[in-house]
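Here, residue 1 is the first one in the sequence, and each next residue gets the next number. Only this structure's heavy atoms are used, side chains among them; waters, hydrogens and symmetry mates stay out.
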Amino acid sequence: MRTCQTSPDVTDRTEQIVAELATNAALHGHIQGRDFHLALTHAPATGVLRIAVTDARGDRLPSPVTDLVTPPHSESGRGLLIVTALADRWGTEPYPPGGKTVWAVVAHRPASHLPTLPTELLPPAASYLSE
């Protein structure tokens, strides 16, 4: 494992995005006997970090999030809302023969450009410690 220097802004947002995409892959992209794959790629010259989570369910594509203000009505459905708010860009690409990769790109943002999510969209920090 290699370490790299990046801003706390990038690492904080990346940690949350990895948690959300990995959870989605485990819940919605799982096929018996096949796990998901996580890859992080860092471009030191630009400070950009790319997160890619590949799972076996290419037939289950995530829906784009268009409403960042109104929280979902249930406990689920917040993951991609959070990814949309924290990532600079995200999307999907096919992973042959039948999977998909959900990716997100995170670059350094000055503090004045960081998103503020309504607190009801963020799960309690303790929920990540018990999983």
Side-chain angles (χ1 to χ4, degrees):
M1 180 193 229
R2 204 168 6 141
T3 61
C4 55
Q5 294 294 322
T6 189
S7 74
D9 159 54
V10 171
T11 55
D12 290 347
R13 290 187 294 135
T14 298
E15 288 172 0
Q16 187 69 45
I17 293 168
V18 166
E20 298 301 338
L21 293 182
T23 298
N24 282 352
L27 291 176
H28 307 293
H30 183 263
I31 291 178
Q32 184 81 20
R34 296 180 65 190
D35 294 324
F36 66 87
H37 179 264
L38 169 67
L40 300 174
T41 308
H42 182 250
T46 60
V48 173
L49 201 137
R50 183 176 192 269
I51 304 148
V53 178
T54 302
D55 65 47
R57 296 298 304 257
D59 59 326
R60 289 190 176 176
L61 296 177
S63 299
V65 176
T66 57
D67 184 358
L68 292 175
V69 179
T70 309
H73 296 295
S74 67
E75 285 299 312
S76 64
R78 290 177 167 82
L80 288 176
L81 190 66
I82 292 169
V83 171
T84 299
L86 297 178
D88 293 289
R89 290 184 319 278
W90 75 271
T92 63
E93 53 196 38
Y95 187 82
K100 70 174 172 306
T101 299
V102 181
W103 56 267
V105 175
V106 181
H108 175 69
R109 298 180 192 169
S112 62
H113 291 90
L114 293 178
T116 36
L117 290 173
T119 54
E120 62 270 11
L121 295 180
L122 296 173
S127 68
Y128 291 105
L129 300 175
S130 61
E131 294 176 6

Going hydrophobic residue to hydrophobic residue with side-chain gaps under 4.5 angstrom, can you get from [X] over to [Y]?
X    : Y    : result
V18  : L49  : yes
L40  : V106 : yes
I17  : W90  : yes
W103 : L86  : no
V83  : V105 : no

Would you give the length of the straight line joining atom [atom1] of [X] to atom [atom2] of [Y], rounded to the nearest 0.5 angstrom?
X   : Y   : atom1 : atom2 : result
Q16 : I51 : CD    : CD1   : 10.5 Å
L80 : N24 : CG    : CG    : 5.0 Å
R13 : D88 : CZ    : CG    : 5.0 Å

For [X], which residues count as a side chain to side chain contact (heavy atoms under 4.5 Å, CB included) partner, sequence neighbours excluded?
X    : answer
T101 : A52, T54, E93, Y95
L27  : T23
A56  : I31, R34

Using the side chain to side chain donor-acceptor pair (under 3.5 Å) criterion, which residues pair with [X]? Sequence neighbours excluded.
X   : answer
D12 : none
R50 : none
S7  : H108

For atom NE2 of H28, decide whether the heavy atoms of other residues, nucleotides or ligands shown that lie under 6.0 angstrom number more than 12.
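Yes, because the 6.0 Å sphere around NE2 of H28 holds more than 12 heavy atoms from other groups.
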
Taking C-beta and beyond as the side chain, do T41 and V48 meet within less than 4.5 Å on heavy atoms?
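No, their side chains stay 4.5 Å or more apart.
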
Which heavy atom of [X] sits nearest a heavy atom of [Y], and at what distance?
X    : Y    : answer
V10  : T14  : O-OG1, 2.7 Å
L21  : A104 : CD1-CB, 4.4 Å
K100 : R57  : NZ-O, 2.8 Å

